[in-house]
Amino acid sequence: MKALINIIKEQVSSFYMVQRLAKFQLKIDNQNNYLGFIWEVLNPAIQMAMYWVVFGVGLRGKSELDGVPYVYWMLAGISMWFFINKAILNGSKAIYQKYSMVAKMNFPLSVLPSYIITGKFYGHLALVGGIMVVFWIKGYAPSIYYIQLIYFLAMSYIFAFSITLLTSTLTVVVRDVQMLIQSVLQGMFFLSPILWDRSGNFPEWLQSLLALNPFYYLANGYRASLLYNNWYAIENWQLTLYNWGLILVILIIGSSAHYKFRNRFSDFI
């Protein structure tokens, strides 16, 4: 727990530095593109269109899910996925790739994955904002449930940080971890209710097992806030407690691992 407290202190004291580094990283990532930051929204938007054509039109037809057209249902859930997937994949490599830049500086290494995540979070906010405008045009007016969306946005960020704090440390120690992360994320993507939801046809025990997937909670939380107008986090308080407990456990493990290997990163790299 002491390691976790120290990590939190580093994040708080480095808050403004994280924002500056995140913006700088965005400029670097898009410096050779004419559209610049717009690609942070345009790229996932193109992928969303492809998923809609394949899963919405090609396989499903003009069907609905819980009274909502499939395309809107899919957009609300997959927006979360694009952020967390990119944040984890890029954040997991942060310490390994950036360590040489800060090795001789008095620099909190836990900031490396967090500023990568923050840069992706800016793009996520822009994407969610664009989706909200589309929903407004289609009749899903803003509501008080947007307050809940802020909660799920924050939780998505904290969840991504908890994972990358652990995986960025393990990737330095064992390079193969990065390949494992990619495989696990791909599996989680298709096991989550992001492109489909047939869980109602499964046995009750299997439904309960699938609900333990954090992406299940987050995707449904985004949809509840943007489309269904219900207090998902409160109505499903058991899942809320479970997911926050899971995040806390991962943070404790990640913090302990980070401090255990921090002084030996140079040896592994």
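Each residue takes its place number in the sequence, starting with 1. Just so it is clear, the structure is predicted and the values come from calculations on it, not from any experiment.
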If hydrophobic clusters are built by linking Ile, Leu, Val, Met, Phe, Trp and Tyr wherever their side-chain heavy atoms come under 4.5 Å apart, do Tyr16 and Ile8 end up in the same one? no

Hey, does the side chain of His258 reach the backbone of Leu165 with a donor-acceptor pair shorter than 3.5 angstrom? no

Do Leu153 and Ile158 belong together in a cluster built from hydrophobic side chains that touch within less than 4.5 Å? yes

Checking Tyr157, Phe161, Tyr115 against Phe121 for ring-ring contact (aromatic ring centres under 6.0 Å, His included), the one that qualifies is Tyr157

Side chains of Gln19 and Tyr122, donor plus acceptor under 3.5 Å: yes

Would you call Leu218 and Ile84 a side-chain contact if the rule is heavy atoms closer than 4.5 Å? yes

Specify whether Phe215 and Phe159 have parallel, tilted or perpendicular ring planes, treating 30° as the upper limit for parallel and 60° as the lower limit for perpendicular. perpendicular

Exceeds 12 heavy-atom contacts within 6.0 angstrom, atom CH2 of Trp237: no

Between Tyr232 and Thr240, a side-chain donor and acceptor under 3.5 Å: no

Could you tell me whether the side chain of Tyr72 and the main chain of Phe135 form a donor-acceptor pair under 3.5 Å? no

Side chains of Lys2 and Ser255: does their closest heavy-atom pair fall under 4.5 Å? no

Once the angle between the rings of Tyr146 and Trp136 is folded into 0 to 90°, is it parallel (under 30°), tilted (30 to 60°) or perpendicular (over 60°)? parallel

Sequence neighbours left out, what passes side-chain hydrogen bond (donor to acceptor under 3.5 Å, both in side chains) with Asn230? Give chain and number order. none

Within a 6.0 Å radius of atom CD1 on Ile144, are there more than 12 heavy atoms belonging to other residues, nucleotides or ligands? no

Check: Ser168 main-chain N/O paired with Thr171 side-chain donor or acceptor under 3.5 Å: no

Close side-chain approach of Leu149 and Met132, heavy atoms under 4.5 Å: yes

Identify whether Val174 and Ile88 are in the same connected component of the hydrophobic contact network (ILVMFWY, side-chain heavy atoms under 4.5 Å). yes

Non-hydrogen side-chain atoms of Phe83 and Leu127 separated by less than 4.5 Å: no

Could you tell me whether the side chain of Gln178 and the main chain of Leu89 form a donor-acceptor pair under 3.5 Å? yes

Are Trp231 and Met155 grouped together when hydrophobic residues (ILVMFWY) are joined by side-chain heavy atoms under 4.5 angstrom apart? no

State plainly whether one hydrophobic cluster holds both Tyr145 and Leu75, where clusters connect Ile, Leu, Val, Met, Phe, Trp and Tyr through side-chain heavy atoms under 4.5 angstrom apart. no

Is a donor from one side chain sitting under 3.5 angstrom from an acceptor on the other, for Gln11 and Ser110? yes

For the residue pair Tyr217 and Phe152, is the inter-centroid distance of their aromatic rings smaller than 6.0 Å? yes

